[in-house]
Amino acid sequence: MEYLKQLLKKTGWISIVESLIFAVLGIILICNPEGTVNTISIILGIIFIVIGIFKIIQYIAAKQKDNNYDLIYGLTAIVIGIVAMMYMSTITSIFRIIIGVWIVYTSFVRINSAIQLRKLNGNIWIYSLILAILMTICGLYVIINTGAIIVTIGAIMLVYSIIDIIESIIFMKNIKEVL
């Protein structure tokens with residue numbers, strides 16, 4: 001039982017750290033939306049191109065060339081890198097969907113936590129459930145709204161982070177009663 005308690009507390013702290021990272025990213029997106037997306041696209045592009053070049057060099061340096069895996073991998077990585085830098089708006093859409101799915105996933109985990117807190121005699125689980133439902137709505141908004149601008153995504157990431165931190169603290173404070 002003590003192991004489970006420690007595991008749940010550790011998970012709570014990890015969730016808080018993740019939420020703080022999301023909050024920082026949200027603030028950056030609010031303050032400099034276009035620059036952030038362009039920078040991310042360029043960095044991803046450069047990383048893929050460097051990996052591609054490395055794999056091609058690995059292929060050329062290999063003594064046996066009976067396997068073209070490194071060559072194909074390298075060429076594909078270079079193409080992905082070029083595409084990432086040329087199609088920054090597509091990167092924005094993919095980024096929006098990934099963030100939205102993550103928020104929805106986390107909200108489902110929080111709904112489950114609220115249900116676990118329901119076993120307590122208090123009403124704290126209701127607040128947790130309401131916050132988790134708000135998280136679900138925010139995540140769905142990010143996924144569904146194709147016109148969602150980066151600033152909105154940043155604001156939702158910030159709200160999500162605050163809600164998740166509050167939820168983690170509530171759960172961690174009541175972990176003894178749940179177990």
Inset, instruction - Looking only at non-hydrogen atoms, find the nearest pair between Ile49 and Gly81 and report the distance. - result: CG1-CA, 4.0 Å
Inset, instruction - Flag the pair Ile111 / Met135 as yes when at least one side-chain heavy-atom distance between them is below 4.5 Å, and no otherwise. - result: no
Legend entry - Smallest separation among heavy atoms of Ser107 and Ala132, with atom names: CB-O, 3.4 Å
Legend entry - Cluster link Ile163 to Ile130, ILVMFWY, side chain under 4.5 Å: yes
Legend entry - Student check: side-chain heavy atoms of Tyr73 and Ile51 closer than 4.5 Å: yes
Inset, instruction - Return the minimal non-hydrogen interatomic distance between Thr106 and Asp164, and the atom names on each side. - result: CG2-OD1, 3.7 Å
Legend entry - Any donor-acceptor N/O pair, Ser161 side chain to Ser19 backbone, under 3.5 Å: yes
Inset, instruction - Classify the side-chain pair Ser128/Arg118 by whether it contains a donor and acceptor separated by less than 3.5 Å. - result: no
Legend entry - Arg110 versus Ser168, closest heavy-atom pair with distance: NH2-OG, 2.6 Å
Inset, instruction - Measure the shortest side-chain to side-chain distance between Ile78 and Phe48 over non-hydrogen atoms and say whether it is less than 4.5 angstrom. - result: no
Inset, instruction - Would you give the length of the straight line joining atom CG of Leu117 to atom NZ of Lys173, rounded to the nearest 0.5 angstrom? - result: 13.0 Å
Legend entry - Met157 CE to Ile21 CD1 distance, which is reported to the nearest 0.5 Å: 10.0 Å
Inset, instruction - Please tell me if the side chains of Tyr69 and Tyr59 come closer than 4.5 Å, counting only heavy atoms from C-beta onward. - result: no
Inset, instruction - Answer yes or no: is there a side-chain heavy-atom contact under 4.5 Å between Ile56 and Asp70? - result: no
Inset, instruction - Calculate, to the nearest 0.5 Å, the distance between atoms CE and CD1 belonging to Met88 and Ile42 respectively. - result: 4.0 Å
Legend entry - Side-chain heavy atoms of Phe108 within contact of Asn112, under 4.5 Å: no
